[in-house]
Amino acid sequence: MRDAIRLLDIREDVLSTDEVLAAVADPTAGGTALFIGTVRNHDHEKPVDQLSYEAHPDALDHLRTVAERVCANSAVTALAAVHRTGDLKIGDTAVIVAVAAAHRDVAFAACRQLIDDLKAEVPIWKHQHFTDGASEWVGAH
């Protein structure tokens with residue numbers, strides 16, 4: 001299971017799809033599912049002009065727990081997940097997750113579980129700023 005976890009990180013640096021895809025590349029994989037989360041220009045029908053992410057000091061441990069759960073499915077060949085922190089602009093990449101497996105159905109399902117569980121359980125909070133001057137914290141679980 002741990003061998004399937006190829007890349008986990010939470011960082012301020014710009015995220016690379018190429019890095020994530022390279023991490024999950026494996027000759028036994030027949031399918032790779034990739035999800036890229038980007039900063040959109042609206043939320044709750046209000047225009048957003050920027051946002052920032054903050055992570056709890058234990059966030060990477062929580063991310064590892066989520067990854068291990070996804071990899072408990074022995075059909076998962078490789079997994080990678082990176083999330084950005086700091087100030088981001090509209091269109092910036094905030095999160096990239098990928099899962100490789102022998103077959104596409106496993107890759108799709110595991111990738112969906114990975115991003116859904118990451119968003120639900122990993123203590124990373126989004127502070128979004130609206131164009132009207134208001135702001136809100138999202139994901140403070």
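All values below come from the heavy atoms of this structure, side chains included, with hydrogens, waters and symmetry mates left out.
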Hey, any chance [X] and [Y] share a hydrophobic cluster, counting ILVMFWY side chains that come within less than 4.5 Å of each other, even indirectly?
X	Y	value
Val97	Val122	yes
Ile124	Val70	yes
Phe35	Leu7	no
Leu34	Val66	no
Val82	Tyr53	no

(message) My understanding is that only residues two or more places apart in sequence, or in another chain, count here; which of them pass side chain to side chain donor-acceptor pair (under 3.5 Å) with Ser135?
(response)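 With sequence neighbours excluded, Ser135 shows a side chain to side chain donor-acceptor pair (under 3.5 Å) to His127, given in chain and number order.
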(message) Please check if the number of heavy atoms outside Phe108 that lie under 6.0 Å from its CZ is greater than 12.
(response)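 Atom CZ in Phe108 is not crowded, with 12 or fewer foreign heavy atoms closer than 6.0 Å.
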Atom pairs and distances, side-chain donor-acceptor, residues 13-27, under 3.5 Å, sequence neighbours left out:
unit_1	atom_1	unit_2	atom_2	d
Ser16	OG	Asp18	N	3.3
Ser16	OG	Glu19	N	3.0
Glu19	OE1	Arg11	NH1	2.8
Glu19	OE2	Arg11	NH2	3.3
Asp26	OD1	Thr28	N	2.8
Asp26	OD1	Thr28	OG1	2.5
Asp26	OD2	Arg6	NH2	2.8

(message) By the side chain to side chain donor-acceptor pair (under 3.5 Å) test, which pairs, at least two apart or in different chains, include something from residues 75-104?
(response)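 Residue pairs with at least one partner in residues 75-104: there are none.
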Restricting to non-hydrogen atoms, name the atom on [X] and the atom on [Y] that form the minimum distance, rounded to 0.1 Å.
X	Y	answer
Leu114	Ala98	CD2-O, 4.2 Å
Ala107	Ala33	O-CB, 3.4 Å
Pro123	Ala59	O-CB, 3.8 Å

Once you round to the nearest 0.5 Å, how far does [atom1] of [X] lie from [atom2] of [Y]?
X	Y	atom1	atom2	answer
Asp117	Arg112	CG	CZ	11.0 Å
Leu51	Trp125	CG	CH2	15.5 Å
Thr38	Ile90	OG1	CD1	9.5 Å
Leu60	Thr65	CG	OG1	10.0 Å

Please table the atom pairs, donor to acceptor, closer than 3.5 Å between any side-chain atom in residues 40-49 and protein atoms at least two apart or in another chain.
unit_1	atom_1	unit_2	atom_2	d
Arg40	NE	His42	O	2.9
Arg40	NH2	Asp43	OD1	2.9
Asp43	OD2	Gln128	NE2	2.6
His44	NE2	Glu136	OE2	3.2

(request) Among residues two or more places apart or on two chains, list those pairs meeting salt bridge (charged side-chain N to carboxylate O under 4.0 Å, His left out) that have a residue in residues 51-63. (result) none
(message) Is there a side-chain contact between His62 and Glu121 in this structure, where contact means two heavy atoms from C-beta onward sitting under 4.5 Å apart?
(response)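 Heavy-atom side-chain distance check fails, nothing below 4.5 Å.
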(request) Would you please test Asp9 and Leu63 for side chain to side chain contact (heavy atoms under 4.5 Å, CB included) and show each step? (result) CA-CA 8 Å; Asp9 203 9; Leu63 180 55; over 6 Å; no
